[in-house]
Participant: 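Sharing a structure with you now.
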Amino acid sequence: MLSALIARLRPAPLLRPSQQALFCWAGALLVAGDAVFWLMFAAVQSDSGLAGLDGPVHSLMVDSRNPAATMLLAALTTLTSPETLSVVGGAFALAWALRKRELWRPAVLMGAMALAVVLTTLIKQLVSRSRPPTSDFLLGPDDALSFPSGHTVGIGVFTVVLAYLVLSRSGTRTTAVLGFSAAFAVTALVGLSRLYLGYHWLTDVVASFGVALVVAAVAVFTDAARHGTARHGTAKSRSGVRKGRAPSSLRVSDPSAPDAQA
């Protein structure tokens with residue numbers, strides 16, 4: 001009994017440098033996401049700040065519509081709807097698990113997407129913001145609430161978390177920059193489609209970026225915490241950083257690899 005109590009009082013193992021860096025990244029994402037969301041929430045509640053651009057930006061989007069852009073952005077918003085993205089994400093995660101014979105990373109991805117849906121639904125109900133005029137909707141009626149944009153949150157979480165889970169295990173600095181840049185670009189394009197099609201205000205979309213960053217921070221923290229207790233091969237942990245590989249702040253060992261289970 002006494003020995004068990006003493007064992008409980010022993011200090012936890014020190015964090016590895018790579019794990020510390022990941023925790024710092026998660027903290028930075030959390031702070032940035034919180035700041036963006038709460039600034040937009042305050043602007044909406046007080047009808048000030050960026051909320052003053054909601055009407056002008058909506059009018060600009062409506063006035064700038066053309067057939068080619070409408071066809072492209074309508075297809076994009078249909079493919080990235082929360083319902084469609086849930087099915088696609090689930091199928092992707094299942095295929096990943098079967099092909100790579102691992103459960104952790106697909107589970108983190110699906111967990112992040114589920115958290116995004118829960119947070120978006122909860123915030124919509126708490127804020128209860130109305131959408132722009134229904135006469136400006138291009139794809140038919142939508143009686144859901146407006147703040148934040150579920151499309152933007154969903155695609156932001158999917159692409160950013162997927163980029164992290166892949167690039168944190170392998171890749172170069174160049175692929176890391178390109179991967180995350182592509183994730184943010186796709187998210188921004190989906191947000192633009194929601195403005196163009198008339199379903200959201202500007203502050204809805206900007207707030208959605210904040211929510212996506214918060215969920216991504218939770219995913220990064222969860223992944224980093226799990227790797228802190230995983231067993232790693234000594235050769236792997238002692239090897240230096242190879243030139244041209246992704247920075248250690250974004251690279252962790254994959255527990256599914258043979259040397260990670262030695």
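For reference, positions follow the sequence shown, starting with 1. Keep in mind it's a predicted model, so treat the numbers as computed, not measured.
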Participant: Find out whether F92 and L85 are in side-chain contact, i.e. whether some heavy atom of one side chain is under 4.5 Å from a heavy atom of the other.
Facilitator: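 Not in contact.
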Participant: Would you list the pairs meeting ring pair (Phe, Tyr, Trp, His ring centres under 6.0 Å) in which at least one residue belongs to residues 124-147, sequence neighbours left out?
Facilitator: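 The answer is F37-F147, F137-Y199.
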Participant: Only pairs at least two apart or in different chains count here, so list each salt bridge (Lys or Arg N to Asp or Glu O under 4.0 Å) that has a residue in residues 60-72.
Facilitator: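 Checked against salt bridge (Lys or Arg N to Asp or Glu O under 4.0 Å) - neighbours excluded - no pair reaches residues 60-72.
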Participant: Which residues satisfy the side chain to side chain donor-acceptor pair (under 3.5 Å) test with S46, sequence neighbours excluded?
Facilitator: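 Expected list: S48.
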Participant: So, applying side chain to side chain contact (heavy atoms under 4.5 Å, CB included) with R105, which one of L165, V161, L162 is it?
Facilitator: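 Exactly one candidate clears the test, L165.
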Participant: Heavy-atom distance under 4.5 Å between the side chains of Y164 and D223, does that happen here?
Facilitator: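 Yes. Closest side-chain heavy atoms under 4.5 Å.
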Participant: Can you see which heavy atom on V220 is nearest to which on A26, and at what distance?
Facilitator: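 In this case the closest contact between V220 and A26 is CG1-CB, 4.0 Å.
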Participant: With sequence neighbours excluded, tell me which residues meet side chain to side chain contact (heavy atoms under 4.5 Å, CB included) with A114.
Facilitator: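 For A114, no residue satisfies side chain to side chain contact (heavy atoms under 4.5 Å, CB included) once neighbours in sequence are set aside.
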Participant: Could you pull out all residues at least two apart from L192 that satisfy side chain to side chain contact (heavy atoms under 4.5 Å, CB included)?
Facilitator: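 Once residues adjacent in sequence are excluded, the partners of L192 under the side chain to side chain contact (heavy atoms under 4.5 Å, CB included) criterion are M61, L189.
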Participant: Taking only residues two or more places apart in sequence, or in another chain, which ones meet S81 in a side chain to side chain donor-acceptor pair (under 3.5 Å)?
Facilitator: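 So S81 forms a side chain to side chain donor-acceptor pair (under 3.5 Å) with T84.
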Participant: Could you list the residues that satisfy side chain to side chain donor-acceptor pair (under 3.5 Å) with D34, not counting sequence neighbours?
Facilitator: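 Partners of D34 under the side chain to side chain donor-acceptor pair (under 3.5 Å) test: none.
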Participant: Can you list every pair that meets salt bridge (Lys or Arg N to Asp or Glu O under 4.0 Å) and has a residue in residues 41-51, with sequence neighbours left out?
Facilitator: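 Residue pairs passing salt bridge (Lys or Arg N to Asp or Glu O under 4.0 Å), neighbours aside: none found.
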Participant: Residues in side chain to side chain donor-acceptor pair (under 3.5 Å) with S208, at least two apart?
Facilitator: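 Side chain to side chain donor-acceptor pair (under 3.5 Å) list for S208, sorted by chain: empty.
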Participant: Where do V127 and Q45 come nearest, in terms of heavy atoms and distance?
Facilitator: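 So the minimum-distance heavy-atom pair works out to CG1-NE2, 4.0 Å.
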Participant: Tell me the salt bridge (Lys or Arg N to Asp or Glu O under 4.0 Å) pairs involving residues 187-207, sequence neighbours left out?
Facilitator: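 Sorted pair list: R129-D204.
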Participant: Sorted by first residue and then second, give each ring pair (Phe, Tyr, Trp, His ring centres under 6.0 Å) pair with at least one member in residues 41-71; sequence neighbours left out.
Facilitator: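 Every ring pair (Phe, Tyr, Trp, His ring centres under 6.0 Å) pair that includes a residue of residues 41-71, provided the two are not neighbours, is W38-F41, H58-W201.
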Participant: Can you sort out the partners of D142 under salt bridge (Lys or Arg N to Asp or Glu O under 4.0 Å), two or more places apart, ordered by chain and number?
Facilitator: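 Checked D142 against salt bridge (Lys or Arg N to Asp or Glu O under 4.0 Å); matches are R131.
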